[in-house]
**Q** 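I have a structure I would like to understand better, so I am pasting it below and will then ask my questions one at a time.
In the text below, chain A, chain B and the rest are named by the order of the sequence lines, each starting its count at 1.
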There are 2 protein chains.
Amino acid sequence: MSENPRGSGESGAPGVPGAPGALSDAFTADCPARDVLNHVGSRWGVLILAALGEGPMRFHVLRDRVGGISEKMLSQNLRALTRDGLTSRTVEPASPPRVTYALTPLGHELSSLFSGLVDWITLRVDDVLAAREAHDGGH
Amino acid sequence: MSENPRGSGESGAPGVPGAPGALSDAFTADCPARDVLNHVGSRWGVLILAALGEGPMRFHVLRDRVGGISEKMLSQNLRALTRDGLTSRTVEPASPPRVTYALTPLGHELSSLFSGLVDWITLRVDDVLAAREAHDGGH
DNA sequence: CGGTATCCCATGCGATACTG
DNA sequence: CAGTATCGCATGGGATACCG
């Protein structure tokens with residue numbers, strides 16, 4: 001994403017980025033919170049964290065659990081999540097190398113939120129589909 | 001929302017979209033739930049729904065609230081969300097046209113989840129940043 | 001098994017301009 | 001005010017091939 005040319009000219013928006021101890025929320029364009037949101041709320045981030053909420057998993061198990069993800073994307077997202085302190089990577093030295101990913105305490109909090117999201121979608125997907133058809137058909 | 005429920009777990013045969021009685025969750029690649037997740041969990045979808053959780057808003061107010069969004073993206077996302085039955089679009093016939101967007105009951109449920117996410121990020125962004133610096137510095 | 005590197009295309013998204 | 005249309009590029013992300 002690019003810089004916001006208008007800067008922080010938000011009217012009434014809470015949080016001034018850069019101010020010491022200021023409350024910076026994800027609604028503000030130029031603040032770190034937005035960056036974290038884009039990481040974590042990416043196409044695969046949600047599913048990976050939600051999957052790891054079910055327990056630690058090895059690479060291929062995780063790849064299996066998150067349907068449709070490529071190894072490249074899994075690896076890439078996992079590195080980003082580990083860098084952000086949300087997941088941990090543990091290597092057990094064995095003849096077949098054994099790498100396990102797990103949630104950190106920080107990641108566990110997020111995982112709970114995302115599990116809630118996944119659950120909501122499972123519950124409401126029919127309603128959304130019905131609304132979509134009603135909208136397309138009726139219009 | 002759920003603490004850590006296995007509610008979204010796989011029950012029986014996974015990965016067969018359209019199978020009668022099959023529970024289709026967002027972990028499955030080719031199911032509608034995944035599609036909904038990608039819509040709703042997009043870069044702007046989260047912020048738009050979270051913003052509308054504060055109350056109905058007109059176009060430019062919403063554009064102001066969601067820092068950095070272009071009018072094109074706002075319009076595009078708003079149409080998608082309305083099509084999915086998550087937001088409503090109300091036009092008041094006036095000399096300056098007055099259009100107000102609001103959450104539907106369905107959208108309100110999602111908005112609550114996303115507000116939780118935004119709040120979490122606001123709370124934990126410092127921890128993530130610290131972890132990132134520790135990772136980069138130590139590496 | 002658990003990755004990384006390269007190629008390449010699809011599309012998300014911003015900038016700009018135009019409309020009712 | 002509240003959008004839509006068009007252009008163009010940066011990025012996301014799949015396919016494939018290769019490495020420890």
**Q** Is it true that a side-chain atom of B:Thr87 and a backbone atom of B:Tyr101 form a donor plus acceptor pair closer than 3.5 Å?
**A**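 Between the backbone of B:Tyr101 and the side chain of B:Thr87 there is no qualifying donor-acceptor contact (under 3.5 Å).
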**Q** Which nucleotide wins on minimum distance to the side chain of A:Pro97, given the candidates D:dG20, D:dG13, C:dC13?
**A**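 Output: D:dG20.
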**Q** Between C:dG2, D:dG14, D:dG3, which nucleotide gets closest to the side-chain atoms of B:Phe59?
**A**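 Nearest nucleotide to the side chain: D:dG3.
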**Q** Roughly how many Å is it from CE in B:Met57 to P in D:dC1, rounded to a whole number?
**A**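 Going from B:Met57 (CE) to D:dC1 (P), I get 17 Å.
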**Q** Looking at B:Tyr101, I'd like to know whether one of its side-chain N or O atoms comes within less than 4.0 Å of OP1 or OP2 on D:dC1.
**A**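 No, no such contact exists.
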**Q** Are A:Ser75 and C:dT4 close enough that a side-chain N or O sits under 4.0 Å from OP1 or OP2?
**A**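 Looking at the OP1 and OP2 atoms of C:dT4, one of them is under 4.0 Å from a side-chain N or O of A:Ser75.
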**Q** Could you say whether B:Arg98 or A:Glu71 is positioned toward the 5' end of DNA chain D, judged by the nucleotide with the nearest heavy atom to each?
**A**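 Nearest nucleotide further toward 5': that of B:Arg98.
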**Q** Can you measure B:Trp44 atom CH2 to C:dC13 atom C1' for me and round it to whole angstrom units?
**A**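 The answer, rounded to whole Å, is 9 Å.
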**Q** In whole Å, I'd like the distance from the CZ atom of A:Arg79 to the P atom of D:dG12.
**A**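 The answer, rounded to whole Å, is 13 Å.
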**Q** Specify the residue among A:Gln76 and B:Gln76 whose closest nucleotide of DNA chain C lies further upstream toward the 5′ end.
**A**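 Of the two residues, A:Gln76 wins.
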**Q** Does A:Phe27 offer a backbone N or O that forms a donor-acceptor pair with the side chain of A:Arg34 under 3.5 Å?
**A**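 Such a contact is found between A:Arg34 side chain and A:Phe27 backbone.
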**Q** On DNA chain C, nearest-nucleotide positions of B:Ser70 versus A:Val61: which is more 5'?
**A**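 Closer to the 5' end of DNA chain C: A:Val61.
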**Q** Side chains of B:Arg124 and A:Asp84, heavy atoms from C-beta outward: is any pair under 4.5 Å?
**A**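 Answer no - side chains too far apart.
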**Q** Under 4.0 Å: is that the gap between some side-chain N or O of B:Arg63 and OP1 or OP2 of D:dG3?
**A**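 It does not, given that no N or O in the side chain of B:Arg63 lies less than 4.0 Å from OP1 or OP2 of D:dG3.
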**Q** Distance check needed: C:dG14 P versus A:Asp30 CG, whole Å only.
**A**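 For the pair A:Asp30 CG and C:dG14 P, the rounded distance is 13 Å.
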**Q** What's the CG-P distance between B:Asn77 and C:dT11, to the nearest Å?
**A**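 Answer to the nearest Å: 16 Å.
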**Q** Are B:Ile48 and B:Phe114 close enough that some pair of their side-chain heavy atoms sits under 4.5 Å apart?
**A**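 A side-chain contact under 4.5 Å is absent here.
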**Q** Tell me the interatomic distance from B:Arg34, atom CZ, to D:dG13, atom P, rounded to whole angstroms.
**A**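 Checked: the CZ to P distance equals 11 Å.
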**Q** Find out whether A:Glu92 and A:Thr100 are in side-chain contact, i.e. whether some heavy atom of one side chain is under 4.5 Å from a heavy atom of the other.
**A**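 Of all side-chain heavy-atom pairs linking A:Thr100 with A:Glu92, at least one is under 4.5 Å.
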**Q** Hey, does A:Pro96 reach any base, or is it just sugar-phosphate, or nothing, if we go heavy atoms under 4.0 Å?
**A**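 No contact.
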**Q** Base, sugar-phosphate, or nothing for B:Arg89, non-hydrogen atoms under 4.0 angstrom?
**A**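 Sugar-phosphate only.
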**Q** Heavy atoms from C-beta onward define the side chain here; which of C:dG14, C:dC1, D:dA2 lies closest to that of B:Arg43?
**A**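 Given the options C:dG14, C:dC1, D:dA2, the side chain of B:Arg43 is closest to C:dG14.
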**Q** Grab the NZ-P distance between A:Lys72 and D:dA17 for me, whole Å please.
**A**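 Computing the A:Lys72:NZ to D:dA17:P distance gives 15 Å.
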**Q** Figure out the CG/C1' separation between B:Asn38 and D:dG12, and round it to whole Å.
**A**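 These atoms are roughly 12 Å apart.
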